Asker: 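What follows is a structure written as structure tokens; I'll ask about it next.
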Number of protein chains: 2
Amino acid sequence: MPKYVDPEARRRDVVDALFRVVVRDGLQRASLRAVADEAGLNIGSLRHYFASQRELMDFAMQSMLDRLGARLVRRVEEAGDLGRHPGPERLRLAVELLAELLPLDEVRRAEVAVFLDFNTAARTSPEFAGLARRTAVGARELVRRLLGRLEATGTLRPGLDLDTETERLTALLDGLGMTAVLHPDLLGAEACLAVLRGHLGDLAAH
Amino acid sequence: MPKYVDPEARRRDVVDALFRVVVRDGLQRASLRAVADEAGLNIGSLRHYFASQRELMDFAMQSMLDRLGARLVRRVEEAGDLGRHPGPERLRLAVELLAELLPLDEVRRAEVAVFLDFNTAARTSPEFAGLARRTAVGARELVRRLLGRLEATGTLRPGLDLDTETERLTALLDGLGMTAVLHPDLLGAEACLAVLRGHLGDLAAH
DNA sequence: AGGGTTCTATCACAGTCGTGATAAATAGAA
DNA sequence: TTCTATTTATCACGACTGTGATAGAACCCT
């Protein structure tokens, strides 16, 4: 007994198809027709759920950020109050949290790839500028808050400038993610983690 | 008395026009027609110097790398033997060398923007894969050699793992360049330099 | 069974793209 | 001047893009 399609589920399916196309062929080749094919839909059907390309892209990018945001919130809740853990454990939790932003498995690799294509496109595509900016600000806020917590619990060595360290760690994450996605043979998942661990270890009080 | 055009000069002009288009509108919109317009040429004329789009892109990217390579070589020659300088001076020279890779002025900002667009496109465009890989390897070699020199002159603190530090510094440079190009309001030129200086200072023997 | 909404499918249009082919204009040497 | 190579300019073709319009099928409710 067929029923009316759940529109939200359909939209999610389309977005998933869009992500697959972007990961495989790049944002440039993610045309409405290509996405429709990937989703197994007719283009007219797709356009029934997304009136325009702009609407699809906006919804897709927002979906990705929501998904990532939910994962981060879950991590933070799992960790609970940082002060309850011993020193080395605090660093480990910080690494695990930030590792959500690195392409360490296929899910995150797809996210970072889409994120990269989308962000570079946003440089010259005003329709993406707003979202791109918010994600950049959001990443900085996350990193800054984390470093602030570590500092407040005495996990970091004294004398660090929070602004500089925030930019440093954010840039490191961006760079690691970029290289791991573009050149996975040059920088594998474990190497990524090793660099991140090393960096936080460097920032820690010895 | 008009003369025959210097073909190499023309090709350089076209490449410059291509870079302007890419910086302004993105690699995606750098079509043959757009580049010809930007260069003040008819598309038929442009195609007389570049038989295909592929040939233009290959030549353009190689030109950019040659230009950057020449700047780096000049820096290295100016610095001479690192051992001749006192310790703090060595760090300053290292910062200046690596700063050639950061978008600190309009020339370098254009380079990094083109580099970013080109590299992300290379992820899903096999025709660019070779060049993208060589640049990634080249950057790592440069960073690694520099760190090796600093270590050999006793400028770095002991116990550092060269492989990890190479990836860390390379990722930092990539991330700084990316953010400075995509979000110049979040990360200005001086902030970029401050982070780089801070990082090398952290690596230095105190 | 009828009626109205939701969904799927198809056509057409104007725009862009890279490229092949070809012609016209120009420059320099004979 | 005449001849040849270089340079500039146009046209056409097939392929692709997003989108408007429209029609038909599938579905749920009365």
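Since the structure is predicted, the reported quantities are computational estimates derived from the model, not experimental observations. Residue numbers begin at 1 in each chain, while the letters A, B, ... track the order of the sequences.
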Asker: Looking only at heavy atoms, what is the nearest atom pair of A:Leu104 and A:Cys192, with distance?
Answerer: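 What the structure gives for the nearest pair is CD2-CB, 3.9 Å.
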Asker: Return the value, rounded to whole Å, for the distance between atom CG of B:Asn42 and atom P of D:dT10.
Answerer: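 That distance rounds to 6 Å.
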Asker: Could you check whether B:Arg157 pairs with A:Asp202 (Lys NZ or Arg NE/NH1/NH2 to Asp/Glu carboxylate O, under 4.0 Å)?
Answerer: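 A:Asp202 and B:Arg157: salt-bridged.
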Asker: State plainly whether the residues B:Glu165 and B:Arg168 are in salt-bridge range, i.e. N to O under 4.0 Å.
Answerer: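 Looking at B:Glu165 and B:Arg168, the cut-off is met.
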Asker: Assess whether a salt bridge exists between A:Glu100 and A:Arg74, defined as any Lys/Arg side-chain N lying under 4.0 Å from an Asp/Glu carboxylate O.
Answerer: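 Salt bridge absent between A:Glu100 and A:Arg74.
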Asker: Relative to the ring of B:Phe50, is the ring of B:Phe59 parallel (under 30°), tilted (30 to 60°) or perpendicular (over 60°)?
Answerer: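 The arrangement is tilted - the two ring planes meet at 30° to 60°.
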Asker: Whether A:Glu89 and A:Arg92 form a salt bridge (side-chain N of Lys/Arg under 4.0 Å from carboxylate O of Asp/Glu) is what I want to check.
Answerer: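 Looking at A:Glu89 together with A:Arg92, the answer is yes, because their closest N to O distance falls below 4.0 Å.
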Asker: Between residues 43-63 of chain B and DNA chain C, which residues have a heavy-atom gap below 4.0 Å?
Answerer: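 Residues of residues 43-63 of chain B under 4.0 Å from DNA chain C: B:Ile43, B:Arg47, B:Ser52, B:Gln53.
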Asker: Which residues in residues 8-40 of chain B have a heavy atom closer than 4.0 Å to any atom of DNA chain C?
Answerer: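 Contacting residues: B:Ser31, B:Leu32, B:Arg33.
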Asker: Surrounding CZ of B:Arg108 (heavy atoms of other residues, nucleotides or ligands, distance under 6.0 Å), is the total greater than 12?
Answerer: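 Above 12, so yes.
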Asker: Do A:Asp16 and A:Arg67 sit within salt-bridge range, that is, some charged N less than 4.0 Å from a carboxylate O?
Answerer: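 Salt bridge present between A:Asp16 and A:Arg67.
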Asker: Looking at DNA chain D, which of residues 117-132 of chain B put a heavy atom within less than 4.0 Å of it?
Answerer: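 The answer is none.
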Asker: For the CD atom on B:Glu8, are there more than 12 heavy atoms of other groups (residues, nucleotides or ligands in this structure) within a distance under 6.0 Å?
Answerer: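 Atom CD in B:Glu8 is not crowded, with 12 or fewer foreign heavy atoms closer than 6.0 Å.
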Asker: Answer yes or no: is there an ion pair linking A:Asp37 with A:Arg29, defined by an N-O contact shorter than 4.0 Å?
Answerer: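 The answer is no: the pair does not qualify as a salt bridge.
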